[in-house]
Amino acid sequence: VLLGAFSVGTMIGMTSSMIPGIQNNTSPPQIQINSQQASWLAAVLTLSGMIGGVLAGKVTEYIGRKYSSIISGLPFIAGLLLISFAREIWMLFVGRILTGIGLGLISFVVPIYIGEVATSETRGMLGSGNQLCIVSGILYMYGMGSILPWRSLALSALPAPSLLFLLSFLIPETPQFLLMKNKRSEAKFALQWLRGFGTDVDDEYHELEQSITSDVKFASWCDIIRDSSLRTPMLLSLVAMYFQQMSGINCVMFYAKSIFQNAGFVTSSQLTMALLLVASVQVVFTVISCLTVDRIGRRISIVVGAILMSISLAAFGLYFHIVYYHYSQHPHNNLTWLPLTSMAVFIAAYSVGIGPIAWLLVGEIIPIRARERAAALSTGFNFFMVFILTLVFSDMLKVMTSQGTFWFFAANCLLSIVFVGTCLPETKGRSLEEIEQSF
C-alpha cells in the first residue's frame, strides 16, 4: 500500500522538472505552453487531488480499503501514459487531472489501511512510512528529472502505481471493514493472515468484535456533527492538516532554489545536486521519525519539531530583514550560511514532526464509523490548503514582505504547540479501540 505514497511523491516531484522540460523542448512533437498555462498545469494536480480525496470516502465505504487501493493505481497509470504520449496541451491537463484524482484516492487509503492493519506497537512507524515514501518518491523524481527528458520522466513514474495495482490483489481487506460489513469469519481470517497463522489472535479479535458490533453503521454527516465523539477527532485531524500546511513548508521549498543560488550554486547541475540534497535530508529525517515516533510519542515529536521550525523560520525572516534593510550599507557581510542552516533545520524538524504525524493521526484518531467521511474531508482539506497557499503565496510576499511571511508561518508553528498541549491526545501504544473510547 505504501507504493501508493511513493506514487504521490513522484507526482509532486515530477512537476519541477516536467514543466520547464515542456517549455524548453525543441524536439518534435512540441507542445507550446505559456506561463499562465504552466501555472495551471502545476495547480490542477492539487485541485484534482482535493476532488479525489473527497470521493475516496464514498469509494472505500462501498468497496473497501483493498479494492480502493487497487483502483487507485489506474488513474496514475492512465494519466502518466497520457502525459508521456501527449500531442496537444489538453492531453497534458487531462493526464494531470487523472494523476491528481489517483493522488487524492491513495492519500486517503494509505493512512486508513495502515491504521487498521498495524499493531499498536508498530502503527507509528508504519504510519510515518507514508511520509517516508512520499519524500522518497520526490527524491527519485528529482534524480530522474536531472537525466531524463520530460516524456521519459513521466514513464519513469509508472512502476510504482503499476506495482500498487498488481500487488494490492494479494493483500487482505482490513478486519475492521469486514466486521462493519458483518463478515465475521472473513474478518478473523484477515486478522490471522496479518498477525501470522502461528499467532493466537482470539483476544485481539474479540476486542475488535466488541467495538464493532453488528448494529454499528457508517455515520452520516449529521451523525458526525451531532456526536462529539465523532466531531472532536474529525476537527482535530483538520487542525493537524492546517498546521502541517501552515508550517511554511511550501514557502521554504519555493525559496530553496534562490537560497542555493545566493550560496554559490549557480549552474544547472549544481542546483540539481542541491535540490537532491534537500530531498535526501527529508528522507533521512523521516526515517528517524519512523524509528522514534513509537518511542517518544506523537505529541512530543510535533512539539519538538514545531519549536525548531519556528526558530528556523524566524531566522529566515531575520535574514530577509537584514538583506532588505542593511545589506546595501554593508555588502561585504556574507550571510549565506543563515538561510542554508535555517533550511536544513526546518526540513529536518518538519520531517520528524508535523509532516508525517498529521497523516498518521488521520488513521489513528478518527473512529471507524466516521472514517470514510471525516478522513476524506481531512484529505481533501489538505490538498485545498496546498492549492490556496500556492495561489496566495505571491500576494503574501507583496503585502507582508518576505520576512513578514516567514514570521507569520513561525507564529503558526508556535500556535501548533498550544494546540498539541491543550487538545491533542497521545495515541502512542494504544489500540484504535482504546483511542476511540477516549473520545
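Every heavy atom of this structure was used, including side-chain atoms; hydrogens, water molecules and symmetry mates were not.
Ser237 is not listed as a side-chain neighbour of Leu361, based on a closest heavy-atom distance of 4.5 Å or more. Residues Phe393 and Thr405 have side chains in contact (heavy-atom distance under 4.5 Å, counting atoms from C-beta outward). Within the 4.5 Å cutoff, side-chain heavy atoms of Phe408 are placed close to those of Met396. Side-chain contact between Trp40 and Phe93: present, with at least one pair of heavy atoms (C-beta onward) separated by less than 4.5 Å. The shortest side-chain heavy-atom distance between Ile71 and Tyr67 does not fall under the 4.5 Å cut-off. Leu432 is not listed as a side-chain neighbour of Ile368, based on a closest heavy-atom distance of 4.5 Å or more. Counting heavy atoms from C-beta outward, Asp202 and Lys188 have side chains that approach closer than 4.5 Å. In this structure, the side chains of Met241 and Val362 come closer than 4.5 Å at one or more pairs of heavy atoms.
One finds a salt bridge joining Glu116 and Arg371 here, because a Lys/Arg side-chain nitrogen approaches an Asp/Glu carboxylate oxygen to under 4.0 Å.
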* Asked: Run the ring-ring contact (aromatic ring centres under 6.0 Å, His included) check on Phe189 and Phe197 step by step: do they pass?
  -> CA-CA 9 Å; Phe189 179 82; Phe197 286 102; 5.7 Å; yes
* To do: Begin with the C-alpha distance, continue with both residues' side-chain angles, and end with the deciding distance and a verdict on side chain to side chain contact (heavy atoms under 4.5 Å, CB included) for Leu132 and Leu2.
  => CA-CA 9 Å; Leu132 173 61; Leu2 283 172; over 6 Å; no
* To do: Before giving the answer on side chain to side chain contact (heavy atoms under 4.5 Å, CB included), spell out for Met144 and Thr10 the whole-Å C-alpha distance, their side-chain angles and the decisive distance to 0.1 Å.
  => CA-CA 10 Å; Met144 291 294 102; Thr10 61; over 6 Å; no
* What's the verdict on side chain to side chain contact (heavy atoms under 4.5 Å, CB included) for Glu121 and Asp294, showing C-alpha distance, side-chain angles and the deciding distance? -> CA-CA 7 Å; Glu121 294 80 20; Asp294 279 317; over 6 Å; no
* To do: Could you give me the CA-CA distance, side-chain angles and deciding distance for Phe316 and Phe409, then say whether ring-ring contact (aromatic ring centres under 6.0 Å, His included) is met?
  => CA-CA 11 Å; Phe316 259 123; Phe409 287 124; over 10 Å; no
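Atom-to-atom distance recorded for Leu92:CG and Ser84:OG is 10.5 Å, nearest 0.5 angstrom. Taking OG of Ser72 as the start and CG of Leu103 as the end, the distance is 10.0 Å to the nearest 0.5 Å.
Taking the six-membered ring for Trp and thresholds of 30 and 60 degrees, Phe218 and Phe177 have ring planes inclined between 30 and 60 degrees apart. Using the six-membered ring where Trp is involved, Phe346 and Tyr350 have ring planes that are parallel, under 30° apart on the 30 and 60° scheme.
Side-chain contact of Ser289 with Gln131: a donor-acceptor pair under 3.5 Å is absent, judged by distance alone. Checked by atom type, the side-chain pair Thr379/Asn382 shows no donor-acceptor distance below 3.5 Å. Thr272 and Ser146 share no donor-acceptor pair across their side chains, judged by distance under 3.5 Å alone.
No more than 12 heavy atoms of other residues, nucleotides or ligands sit less than 6.0 Å from atom CG of Asp203.
When all heavy atoms are compared, the tightest approach of Phe85 to Arg151 is C-NH1, 3.7 Å.
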